[in-house]
Amino acid sequence: MRELKSRLADSLFAEIKAALPKPGPGGRYLLAFSGGLDSTVLLHLLTRLRGTYDLQAIHVHHGLQTAADKWPAHCEQACTQWGVTCTVVRVRPEQGPRLSLEAEARRARYRALQSLMQEGDVLLTAHHQDDQAETLLLQLLRGAGPRGLAAMPMVSTFSPGLHARPLLECTRKEIQQYARDQELTWVEDPSNEDRTHARNFLRQELMPQLRQRWPEAASMLARSARLCADASALLDAQAEEDLEWCLGETPGSLVIPDLLKLDPARRRNLLRAWIGWLDFPLPEAQHLQRLDTELLGAADDATPLLAWPGVELRRYRDHLYVMRPLTPADADWRAAWRLDEPLSLPEGCGWLEAVPGTSTPAMRLPRDDEPVSVRLAGEGERVRLPSRPHRHSLKKLCQDAGVPPWLRRRLPMVYYGDALAAVASLWVCEGYTAVSGEPGWLLRWHGTPPGYPVPKTA
């Protein structure tokens with residue numbers, strides 16, 4: 001029995017060692033350590049590498065379940081026992097009517113992991129062959145194409161390093177047996193028993209039946225995923241070539257007339273790749289069909305919206321924009337502002353910065369009797385620009401400047417006292433521009449939703 005245990009341990013260790021990419025100079029192995037069975041087994045196997053590479057564990061705590069509050073302590077205890085540094089990171093996934101909580105939790109987890117990575121690091125996750133098979137089935141049932149059916153790669157880029165899944169060729173059965181042999185302890189996520197979740201249903205209902213009829217089902221499904229990955233790589237190469245011709249000047253945009261020059265299959269391939277490369281949830285077939293008819297086929301002056309969980313696609317003039325779902329603009333928001341400090345704007349509106357400068361269009365320095373404040377644009381504002389005899393409606397100025405409608409109620413308006421002094425980084429009003437050569441403030445609006453134009457006078 002002891003010989004069998006040793007043989008399994010050596011076999012699993014050999015598999016993960018062969019699958020591990022080496023960190024870059026000064027790089028580390030960072031394990032995403034949930035404390036569950038799979039990551040516990042991977043951590044235990046990786047401890048055999050101590051002294052060869054720097055190994056650290058990271059536990060991301062979402063706080064979405066009461067039971068999860070005990071998991072950080074368990075993870076820290078296991079790491080202490082095995083002589084591994086453990087870092088606990090707490091995150092709060094975004095929640096909203098158009099957001100999938102599960103998808104947002106995953107995004108928050110990977111953002112947290114990425115924030116701790118340094119150049120040359122390798123992020124390790126404990127996905128295994130059965131996870132791969134389940135992912136392929138889920139993608140099939142969603143009607144995915146080769147890119148979705150490629151499921152999870154063994155190694156992929158993950159800025160600023162790599163993401164590796166060294167257990168991807170190992171089965172759940174092997175992992176469970178190893179854990180029993182080594183007398184390991186781990187935490188159980190109660191949500192894994194909820195069969196209303198599609199993956200849990202596949203794992204507990206469908207996969208056992210498939211194995212009963214086809215014992216090598218998981219292995220065969222994983223092989224299909226590898227073949228789809230080869231096809232997906234070719235499609236990505238085509239999408240990169242097409243993107244060069246269709247990419248808009250504004251970040252997060254594509255030029256619609258150029259998109260329409262592609263045949264439908266190449267256009268759909270480009271759109272899927274582009275949305276995925278920007279780290280948004282991928283569209284399903286019906287989304288791409290609606291995109292063709294409702295956005296690309298819309299009138300030039302229309303501003304249609306297509307949304308699915310975690311994504312909004314919008315059209316303005318000849319450009320297609322992709323973005324996170326926008327929260328409603330807070331028309332009642334007000335804030336005092338010290339110009340020498342950055343100002344956080346409401347959710348989804350980024351932040352405002354004033355930089356000392358003398359170039360046009362700089363705001364003059366405020367007088368002592370002119371407290372500075374910021375509010376969001378409302379309806380009906382009129383703006384008096386320098387060297388113009390009349391006031392202009394903000395709506396008309398935005399149309400002329402190419403500011404899309406979804407940004408207009410989110411424009412930060414800077415007031416000196418009760419008078420409007422500037423609109424975002426686009427316009428400084430009459431009476432508030434700095435005299436040439438004298439000190440002033442240059443406004444910079446950061447973190448804007450896609451579509452904000454580069455000021456022509458900057």
Side-chain angles (χ1 to χ4, degrees), residues 94 96 98-99 247-256 274-275 278-280 291 294-296 298-307 310-335 337 342-355 361 363 373-383 385 391-415 420-429 442-458:
E94 291 187 43
R98 290 184 176 177
L99 300 176
L247 194 62
E249 293 184 3
T250 305
S253 72
L254 296 177
V255 179
I256 290 176
W274 174 64
I275 292 168
L278 293 175
D279 197 29
F280 290 103
L291 196 159
E294 297 176 21
L295 272 72
L296 301 186
D300 291 342
D301 58 351
T303 55
L305 164 67
L306 174 63
V311 183
E312 288 184 351
L313 281 170
R314 296 173 182 266
R315 174 177 180 153
Y316 181 59
R317 295 181 176 171
D318 281 337
H319 287 74
L320 178 71
Y321 297 89
V322 63
M323 63 193 73
R324 302 277 287 163
L326 295 177
T327 55
D330 185 357
D332 297 325
W333 182 84
R334 304 283 189 279
W337 187 23
L343 177 68
S344 294
L345 301 172
E347 182 181 355
C349 296
W351 55 282
L352 203 59
E353 178 185 31
V355 180
M363 293 191 309
S373 63
V374 179
R375 66 191 71 169
L376 299 187
E379 293 185 2
E381 280 100 340
R382 299 186 66 81
V383 181
L385 298 181
R391 293 180 179 271
H392 300 271
S393 72
L394 181 59
K395 180 179 179 180
K396 179 64 166 59
L397 290 175
C398 285
Q399 289 173 337
D400 293 344
V403 179
W406 60 85
L407 273 169
R408 295 173 191 170
R409 297 296 297 273
R410 293 171 172 81
L411 290 171
M413 314 281 282
V414 180
Y415 284 79
L420 179 62
V423 180
S425 54
L426 292 169
W427 302 289
V428 177
C429 300
L442 297 169
L443 292 180
R444 299 288 182 263
W445 186 18
H446 304 276
T448 65
Y452 187 62
V454 176
K456 295 178 181 178
T457 52

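Atom set for the values below is all heavy atoms of this structure, side chains included, hydrogens, waters and symmetry mates excluded.
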Subject >> R391 side, atom CZ; L397 side, atom CG - distance, nearest 0.5 Å >> reply: 11.5 Å
**OP:** Might you work through the side chain to side chain contact (heavy atoms under 4.5 Å, CB included) test for L345 and V374, ending with a clear yes or no?
**Re:** CA-CA 9 Å; L345 301 172; V374 179; 4.2 Å; yes
Subject >> Residue pair Y452 / S425: nearest heavy atoms and the distance that separates them >> reply: OH-OG, 2.8 Å
Original post:
How long is the span from the CG atom in L407 to the SG atom in C398, to the nearest 0.5 Å?
Top reply: 8.5 Å
**OP:** Given side chain to side chain contact (heavy atoms under 4.5 Å, CB included), test L376 with L411 step by step and report yes or no.
**Re:** CA-CA 6 Å; L376 299 187; L411 290 171; over 6 Å; no
Original post:
If you look at every heavy atom in L420 and V414, which pair is closest and at what distance?
Top reply: CD1-O, 3.6 Å
**OP:** Hey, could you give me the CG/NE2 distance between L385 and H392, rounded to the nearest 0.5 Å?
**Re:** 6.0 Å
Original post:
Do we see a donor-acceptor contact under 3.5 Å between the side chains of S253 and Y316?
Top reply: no
Original post:
Looking at A424 and W445, what are the two nearest heavy atoms and their distance?
Top reply: CB-CE3, 3.9 Å
Original post:
How long is the gap from CE on M323 to CZ on F280, to the nearest 0.5 Å?
Top reply: 8.0 Å
**OP:** Test L394 against W427 for side chain to side chain contact (heavy atoms under 4.5 Å, CB included), laying out the working first.
**Re:** CA-CA 10 Å; L394 181 59; W427 302 289; 4.0 Å; yes
Original post:
About how many Å separate CD of E353 and NE2 of H446, when rounded to the nearest 0.5 Å?
Top reply: 4.0 Å
Original post:
Above 12 or not: heavy atoms from other molecules or residues under 6.0 Å from CD of E347?
Top reply: no
Original post:
At their closest point, which heavy atom of A422 faces which heavy atom of M363, and how far apart are they?
Top reply: CB-SD, 3.6 Å
Subject >> Value rounded to 0.5 Å, distance of CZ in R315 from CD1 in I256 >> reply: 3.5 Å
Original post:
What pair of heavy atoms forms the shortest contact from G451 to P404, and how long is it?
Top reply: O-CD, 3.1 Å
**OP:** State, yes or no, whether a side-chain contact exists between L352 and R444 at a heavy-atom distance under 4.5 Å.
**Re:** no
Original post:
Is a donor on one side and an acceptor on the other found under 3.5 Å between the side chain of R408 and the backbone of V403?
Top reply: yes
Original post:
Is the backbone N or O of A329 less than 3.5 Å from a side-chain atom of R409, with the two atoms forming a donor-acceptor pair by type?
Top reply: no
Original post:
Just by distance, do the side chain of R410 and the backbone of C349 share a donor-acceptor pair under 3.5 Å?
Top reply: no
**OP:** Show your working on side chain to side chain contact (heavy atoms under 4.5 Å, CB included) between Y321 and E312 and close with a plain yes or no.
**Re:** CA-CA 8 Å; Y321 297 89; E312 288 184 351; over 6 Å; no
Original post:
At their closest point, which heavy atom of R334 faces which heavy atom of A331, and how far apart are they?
Top reply: NH1-O, 3.2 Å
Subject >> Residue pair V322 / P450, side-chain heavy-atom distance below 4.5 Å >> reply: no
Original post:
Is any side-chain heavy atom of T250 less than 4.5 Å from a side-chain heavy atom of H319?
Top reply: no
Original post:
If we only count heavy atoms from C-beta on, is the R382 to K396 side-chain gap below 4.5 Å?
Top reply: no
